[in-house]
Amino acid sequence: MIRLHRTDDDGWFISKVVKDHNHQLSATDAEKREWGSHSKIDQTVRDMIKYLCENNITLSKVHCIMGSLFGRRSLRTICAQIAREQRDDDIRKTLELFRKMRAEDPGFQLSVDLDEKDQIETLIWASGRSRSNYSCFGNVVTFDTTYSTNLYKMPFGLFVGVNNHFQSSIFARVLMRDEKAESFKWVFKEFLALMGGVQPQTILTDQCKAMEIAINAIMPGITHLWCKWHVFKDARIELGPFYRKNAAFQDEFHKVITEMYTVDEFENAWGQMVEKYGLKDHHYMVKAYDEKKKWAKAYNKGKFCARMTSTQRSESANHMLKGVVPRNSSMNRFVEI
């Protein structure tokens with residue numbers, strides 16, 4: 001340390017010098033960049049960091065790009081500040097964005113469910129083009145809620161179908177506070193309202209019980225099918241090593257699910273399979289059999305599903321979003337993208 005004092009003529013003089021340090025010295029440039037003196041970032045660089053973050057560049061990649069100039073702690077602080085700025089007055093910004101979308105698209109429709117504190121509980125919206133596509137191709141829809149990396153950790157759902165070229169068509173988008181039966185009831189009710197009150201013939205979902213309760217309540221008479229991919233996935237999880245290490249059982253299980261075309265064929269094949277492998281009383285196999293009409297081909301002959309047997313189209317769209325939507329995105333930023 002150095003101690004300086006003023007002189008009578010407004011100059012300075014050194015009154016004390018201590019050459020020994022009372023802390024560990026930084027041995028490398030990387031350590032030196034973590035000093036507080038290196039935390040000052042000018043507006044131009046800050047704008048560059050904001051641009052990278054908004055385009056879903058991770059903090060580690062931002063550090064690789066900018067880290068030669070600034071320490072990781074400084075970059076992390078800037079990214080956190082940018083997220084807070086996006087979050088400030090988020091609802092107002094989101095509603096302004098929706099007003100702009102409606103002005104540009106007369107067919108745009110939006111429905112919001114607020115809680116007792118006037119906070120958004122559930123939000124669903126659809127463009128004019130999506131609603132027009134539904135009027136032509138809305139016989140079959142898939143619905144899946146798997147994406148929840150926005151700032152509020154709200155599950156994001158998509159209603160998806162196929163057009164006459166078997167290309168995916170997004171009908172509506174949903175943000176939910178939770179995945180309870182009452183929330184799903186509101187979502188399905190509002191979805192039908194946005195689509196002119198026309199109910200699809202068939203809906204494909206995962207095995208969520210709350211979703212099943214809501215569908216039965218809001219869409220009576222609809223054909224509700226389970227995504228076959230989830231059936232196979234759950235079998236792999238519930239049966240554990242027996243499933244993963246038993247190729248013969250896997251082949252037979254897949255064959256029973258996808259290749260039995262009559263009820264008698266299915267019943268005989270299923271009975272022989274569970275007897276052969278000692279799974280007659282296994283809790284998963286019992287549960288799956290009880291819900292066979294939601295996934296077994298033999299019980300769904302004549303049910304129109306537009307060649308879709310899974311929610312893969314919804315999940316593919318969700319997967320695509322993960323590549324373009326920044327992690328911990330604010331709601332207005334999420335909707336805008």
Side-chain angles (χ1 to χ4, degrees), residues 83-103 105 107-128 130-131 134 138 141-160 170-200 203-220 222 224 311 314-315 317-318 321-322 324-337:
R84 284 196 298 271
E85 289 172 1
Q86 290 180 339
R87 183 176 56 195
D88 289 344
D89 208 9
D90 192 18
I91 300 302
R92 182 188 61 79
K93 294 176 182 176
T94 302
L95 294 179
E96 284 182 357
L97 179 60
F98 279 132
R99 279 192 284 270
K100 178 182 176 183
M101 294 168 71
R102 179 171 289 175
D105 177 8
F108 176 86
Q109 291 290 331
L110 163 73
S111 188
V112 183
D113 182 31
L114 302 177
D115 61 17
E116 61 279 0
K117 297 180 180 179
D118 288 335
Q119 295 178 335
I120 291 180
E121 191 82 18
T122 316
L123 177 67
I124 181 171
W125 68 99
S127 67
S130 294
R131 296 172 65 227
Y134 181 84
V141 300
T142 70
F143 182 66
D144 184 62
T145 55
T146 57
Y147 182 74
S148 57
T149 58
N150 52 77
L151 185 63
Y152 309 103
K153 305 303 179 186
M154 296 175 73
F156 178 67
L158 285 172
F159 286 95
V160 178
I170 296 177
F171 297 138
R173 300 157 178 85
V174 180
L175 279 170
M176 308 174 63
R177 184 72 60 84
D178 58 57
E179 295 182 280
K180 297 178 181 178
E182 290 304 314
S183 297
F184 282 122
K185 287 180 182 179
W186 186 91
V187 166
F188 293 133
K189 180 180 177 181
E190 294 304 314
F191 173 72
L192 294 180
L194 294 185
M195 300 302 148
V198 180
Q199 179 174 298
I203 185 168
L204 289 92
T205 71
D206 60 19
Q207 299 173 38
C208 175
K209 189 64 178 177
M211 203 181 297
E212 179 181 349
I213 293 172
I215 290 172
N216 291 335
I218 304 301
M219 302 180 183
I222 195 173
H224 179 201
T311 58
S314 296
E315 292 172 14
N318 278 324
L321 282 170
K322 292 181 180 180
V324 298
V325 177
R327 184 174 296 276
N328 294 327
S329 170
S330 61
M331 187 178 294
N332 70 85
R333 179 64 177 159
F334 188 94
V335 171
E336 182 180 23
I337 294 175

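Not measured: the values here are computed from a predicted model. If you read the sequence from its start, that first residue is 1, and numbering goes on from there.
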Could you tell me which non-hydrogen atom of [X] sits nearest to which non-hydrogen atom of [Y], and how far apart they are?
| X | Y | value |
| --- | --- | --- |
| R102 | L110 | NH2-N, 3.8 Å |
| P220 | A217 | CD-O, 4.2 Å |
| M154 | M176 | CB-O, 3.1 Å |
| G138 | P200 | O-CB, 3.2 Å |
| V174 | V187 | CG1-CG2, 3.8 Å |
| A210 | K180 | CB-C, 3.9 Å |

>> I'd like to know whether the aromatic ring centres of F108 and F98 sit less than 6.0 Å apart in this structure.
In response: yes

Below 4.5 Å, heavy atoms only, C-beta onward: do [X] and [Y] meet side chain to side chain?
| X | Y | result |
| --- | --- | --- |
| D144 | T205 | no |
| C208 | F184 | yes |
| V112 | I120 | yes |
| R177 | D113 | no |
| S130 | R173 | yes |
| T142 | I203 | no |

>> Strictly by side-chain hydrogen bond (donor to acceptor under 3.5 Å, both in side chains), give each pair with a member in residues 189-199 just once, sequence neighbours left out.
In response: S111-E190

> Run the side chain to side chain contact (heavy atoms under 4.5 Å, CB included) check on I124 and L194 step by step: do they pass?
Replying inline: CA-CA 9 Å; I124 181 171; L194 294 185; 3.9 Å; yes

> Can you name the one residue among F171, W186, Y134 that meets ring-ring contact (aromatic ring centres under 6.0 Å, His included) with F191?
Replying inline: Y134

> Are E179 and T145 close enough that a side-chain donor and a side-chain acceptor fall under 3.5 Å?
Replying inline: yes

>> If we count only N and O atoms by modelled type, under 3.5 Å, do the side chains of D178 and S183 hold a donor and an acceptor together?
In response: yes

> How many angstroms lie between CZ in R131 and CD in Q109, if you round to the nearest 0.5 Å?
Replying inline: 4.5 Å

> Could you walk me through whether F143 and D206 pass the side chain to side chain contact (heavy atoms under 4.5 Å, CB included) check?
Replying inline: CA-CA 8 Å; F143 182 66; D206 60 19; over 6 Å; no

>> In terms of relative ring orientation, are F188 and F159 parallel, tilted or perpendicular, with 30° and 60° separating the classes?
In response: perpendicular

> Are any side-chain N or O atoms of D105 and backbone N or O atoms of M101, one a donor and one an acceptor, separated by less than 3.5 Å?
Replying inline: no

